[in-house]
Structures are given as structure tokens and as C-alpha cells.
Amino acid sequence: MNVNGLRDKTKCSRITQWCKIVNADIIFLQELFLSTPEDFSFFKKQWGGRVFYSPSLSNHSGGVAIIFSSRVDFKVSQVKHDNFGRCISLCCSVNGSPLKLCNVHAPNPPAERTKFIENLYAYTRWSSPVVLGGDFNCVTNNIDRCSTTQNNSAFVGSTELNRFVAEYLLVDCYGRMHPSSPGHTWSCLNSSSRIDRIYLPREFKITKATSTPFPFSDHNPVIVDFQLPCTPKSKGKGYWKYNVSLNDSDEFCTDLRMNYQLWSSLKEGFYSKLDWWENIKVRIKDLAIRHSVKLARIKRVHSKDLQDRCLHANSEEIERIVNNDIEGACIRSRVKYLEDGDKPSACFFKMEHDQARCKTIQSVRDQNGIVCDKVDDILRIFQDFYKDLYSEQASLNEKAQEMFINSLHKRLGEEEKNSLEQPMTLLDIWNVVSVSAKNKSPGSDGLPYEFYRTFF
């Protein structure tokens, strides 16, 4: 991602926030222009993870960096970089898989660009698979470029780059996933081209490759999802939770109320109202998921439409979308409010990450005291525990129960007993629901108090 300078603290903060929003594990940055130790220190603090930076000694390249998310398990054994802030490479292992990460910013003058690409071999002479990415300032085919003027200099360096890619058995991620789509990442006046690319080894499984709108630079970032050869077994999805933004959707609210009228007529077919309500909550969940998917699809289409029309002319609207994602990160990090004008820093996203990490059980002890950290073993231990807990063989310690009851000295008065035994009224329920904390669910069904306050 070519960021076009990070010396401005506001821009630096916004870009690091955006990087956290896209939830990337490893990011290649070009043209940072962090000319002072104070600039670099501020950027590093905003990001929160490890940063490997090759500064520029001139005003032409701006420097390149490879940054890691704090959740990534990696070890770096060797770092190489040039003296011009145009190339940095790391020999490392990521989640146990050896990799060579190489981030480049090729020169714009054609002659310098060709020589630069020819010298890339000096930064990739390790036995590990190569991941190559950056701003190459050249295109490799006619689809990559659209211009009203004839300029063959954009292809200078493509022969050397294609040779390098072929020798290391790499593939252009976006080109493989979208062979007929231009996916231009840079535009200026009447010209646009795809000069920002990511190359991966052919044996890597690429699941997604996109060029996304970006309001902070004249380059669009390229985002690639792929699986490492030794990727650990992924965990399943967490429990479902209602998307409270649906309360602001007139379409969803109308749909829910209409369906609820139909569902209310089904009460006679259930053994009890409680069984009926449990069934209704499942129906509400399915309806909410369908509407959430629809809203997410509309958001993606709208974002892509902004990119296709004109990035700069719609930068304010794109930034609004980014701000909405930032506010979502604040909610997921359990921050109760976001002061107007006070945008989240690295602290918000660290809190979000910590919340997710705390919800994940890393290891447990089985009944023999042995620590197990594999997903299948953890699930088995929990299943056995609750199976034994709720089995018919579970016995009650009557002696302990009697000791506990006898230790209680406070007793309810007659008036208090009568009050507690009165039937629950709608006013009693509303008094509880109306003052309950936001973003909290009264049960395991995922329906928060905001839902009940809206449809009470």
C-alpha cells in the first residue's frame, strides 16, 4: 500500500486505524516519508505491532516498511534493505511456516526501474518461499493500464519482473483471481493503471484478492487472503449476536413486525409459551442474519461504485464508510461511547483484539490433570465435563446443602414474600429492560436489550 507520506499525525493515525479495520496480519507500506525519529516513534505507537522500516536518504522514494499485527506469531532471522528506502526483505517464519517477505517501491524513471528489478535477487537469496509485493511503477499487460495517451514507458521493467516471477514460481494474486478485471490501483487525470501488486508462490492457496477504495492516497491498497502451508487448524465461529444497527433499518423493523403477527398465530401448536418463544427467537435470528447479509452486500457494492466512479471526487464519502467501521471496532472493544470528534487510536483496536483473545480458550486440563491445547481435545474435555455434570448419576450432597441453608440468618418479611409472589407485569419487565446496559444480552440467544427496547 503506497500511503503517500505519514508525517502528518492525523493522516498517520487514520491510516493505522484503517490497517486495523481490514484485519491484515502483514502489511507492506511504501512512501512513508518518516524523516525524523519522532515521526517513526509516533507511527510505531499508533500501529502497536512490530515495524521493520527502511528509511529513505532522499525525497524520491520515501522509505518502505513491513509491519506485523500483534496477533501474528512470527520470528525474524535476517533483515536486508537498500540505502534508498526502496526495498526491504525479511527472512522469517510466520505461524511456523518459513517465508521470505520482500516489499519494494520501484523507481519511476524507466532506466532506474529496470536496474532496480534486476537487482531484486540480492534480497531474496534464501531457501524459503518468496512473498513479493509493493508499488512496481510498471504494468505487465494491456489490461493493467488505461490511458488516452500512448506511453510505452509504463511497460519498461515488466520483462525483468516477469522473469523474476517465473524463476521463483510466483503468481500475481489479483490477476489469478480476476483475470479479466483491470483492478487499477492508481489513477491520475486521464490515466489509470495496476502498478501495485502482490505475488505469492503457486502452491499457496489464495482465497481472496481485492483492490479496495482508499481515501488517504492516490493508490488503492491490494488485499490478499491466503493460507500458509502449515496454517494451524482454524477455530469455529463464536456465538451469534444481534446486529443492533438493524434497529435503524425500516425495512427490517417492518419485516419483523409483519412476521411476528404470523408467528403469534402459532402459539396453539406448542406445548407452552416458553417453547413457542424459544422457536420465535430462532426465527428472529434467521431473519436478522438475512437482513445483515443484505446490508453488508449493499455496503460493498456502494464502496465499489465509489471506486469505479472516481476515488478523489468521493473521498469524503469513502472516509465516512471507514469511520463507520472504526466505530464498529469501538463497539467490539466494549468502549461504551465515542466522543464526537475524538477518533479511536491504537488503544481502541488493541482493546478489540484483547477482547477476542480473552474469549478464546487456549488450553485446559483434563480430568487427569494433563494440559491440552488442541482444538479437538478442548472441545472433547468440555463436552465430557457437561455431560457428566447434567447426567442422572450426578448426586446431591444433602449435608452440604443443609449446612448452607442453616448458615443463612436473614429472612424475608411477609410483605416482601407477598410482593415476590405476585405475577410479573409488563411494567416490571420494562423497568428492567429500559435501564439495562447496552450491548448486553439477558441470555445466550444473542438478543441484546436494545432489541427488546425497540420492539417492546
Side-chain angles (χ1 to χ4, degrees), residues 1-3 5-34 36-55 62-81 85 88-105 131 133-134 198 212 214 216-217 221-228 231-232 234 322 325-326 328-330 332-335 343-360 362:
M1 177 170 61
N2 189 318
V3 295
L6 293 179
R7 282 193 292 245
D8 181 270
K9 291 187 177 181
T10 300
K11 180 180 179 181
C12 179
S13 177
R14 303 296 289 170
I15 287 181
T16 52
Q17 291 165 11
W18 185 92
C19 290
K20 295 172 187 291
I21 288 173
V22 299
N23 204 31
D25 293 324
I26 305 172
I27 302 177
F28 291 0
L29 300 177
Q30 303 89 41
E31 287 198 27
L32 282 74
F33 287 105
L34 300 176
T36 67
E38 291 76 15
D39 293 337
F40 178 74
S41 177
F42 180 81
F43 165 69
K44 189 174 180 181
K45 182 178 180 180
Q46 290 294 304
W47 171 241
R50 292 285 302 277
V51 176
F52 295 86
Y53 179 48
S54 174
V64 291
I66 299 177
I67 62 178
F68 291 83
S69 168
S70 57
R71 66 177 173 271
V72 178
D73 178 20
F74 73 98
K75 295 180 180 179
V76 176
S77 59
Q78 190 174 4
V79 180
K80 290 184 178 180
H81 61 82
I88 184 170
S89 60
L90 307 179
C91 181
C92 61
S93 65
V94 178
N95 293 335
S97 297
L99 287 177
K100 292 178 275 186
L101 305 178
C102 186
N103 178 20
V104 303
H105 179 207
V131 175
I198 297 177
T212 186
F214 193 61
F216 311 112
S217 173
V222 179
I223 302 176
V224 175
D225 292 347
F226 64 94
Q227 295 180 2
L228 292 171
T231 301
S234 59
V322 173
D325 287 337
I326 292 172
C330 296
R332 292 188 293 273
S333 65
R334 304 293 186 182
V335 175
K343 301 304 180 183
S345 62
C347 176
F348 283 91
F349 297 95
K350 183 179 184 302
M351 292 170 65
E352 178 186 1
H353 168 63
D354 291 344
Q355 285 287 339
R357 179 174 53 81
C358 292
K359 293 178 183 177
T360 303
Q362 304 294 338

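Note that these values count all heavy atoms, side chains included, but never hydrogens, waters or copies made by symmetry.
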Exercise for the section: Could you check whether the rings of F43 and F40 sit parallel, tilted or perpendicular, using 30° and 60° as the cut-offs? Expected result: tilted

Problem - Residues L228, L99; criterion side chain to side chain contact (heavy atoms under 4.5 Å, CB included); working and verdict - result: CA-CA 9 Å; L228 292 171; L99 287 177; 3.8 Å; yes

Fill in the blank from the handout: Here the pair of heavy atoms bringing G48 nearest to K20 is N-NZ, 4.5 Å

Exercise for the section: Give the intermediate values and the outcome of side chain to side chain contact (heavy atoms under 4.5 Å, CB included) for residues F28 and V104. Expected result: CA-CA 8 Å; F28 291 0; V104 303; over 6 Å; no

Problem - Smallest separation among heavy atoms of M1 and I27, with atom names - result: CE-CG2, 4.4 Å

Handout entry: Donor-acceptor pair, side chain of T16 and main chain of S13, under 3.5 angstrom
Key = yes

Exercise for the section: May I ask you to decide if I88's main-chain N or O and N103's side chain share a donor-acceptor pair within less than 3.5 Å? Expected result: no

Problem - Distance in Å, C12 SG paired with D39 CG, rounded so as to fall on 0.5 Å steps - result: 8.5 Å

Problem - Nearest-0.5 Å distance that lies between atom CG in L29 and atom OH in Y53 - result: 10.0 Å

Handout entry: Among E38, K44, Q46, side-chain contact (heavy atoms from CB on, under 4.5 Å) partner for F42
Key = Q46

Practice task
Enter the distance from C92:SG to K75:NZ here, rounded to the nearest 0.5 Å.
Solution key: 12.0 Å

Problem - Trace of the side chain to side chain contact (heavy atoms under 4.5 Å, CB included) decision for R50 with F74 - result: CA-CA 10 Å; R50 292 285 302 277; F74 73 98; 3.4 Å; yes

Problem - Side-chain (W47) to main-chain (F68) donor-acceptor, under 3.5 angstrom - result: yes

Practice task
Working to the nearest 0.5 Å, report the span between CG of N2 and CG of L32.
Solution key: 9.0 Å

Handout entry: Interatomic distance, C102 atom SG to K80 atom NZ [nearest 0.5 angstrom]
Key = 10.0 Å

Practice task
Test side chain to side chain contact (heavy atoms under 4.5 Å, CB included) on W18 and V3 and set out the steps.
Solution key: CA-CA 11 Å; W18 185 92; V3 295; over 6 Å; no

Completion exercise
Heavy-atom closest pair (F52 atom, V76 atom, distance to 0.1 Å) is CZ-CG2, 3.6 Å

Completion exercise
Distance col, row L6:CG vs F216:CZ, nearest 0.5 angstrom, shows 11.0 Å

Problem - Taking every non-hydrogen atom, the tightest pair across I66 and L101 - result: CD1-O, 3.9 Å

Practice task
Check whether any side-chain N or O of S77 sits under 3.5 Å from a backbone N or O of C91 as a donor-acceptor pair, and report yes or no.
Solution key: yes

Exercise for the section: Determine the minimum heavy-atom distance between S69 and A24, stating which atoms define it. Expected result: CB-O, 3.6 Å

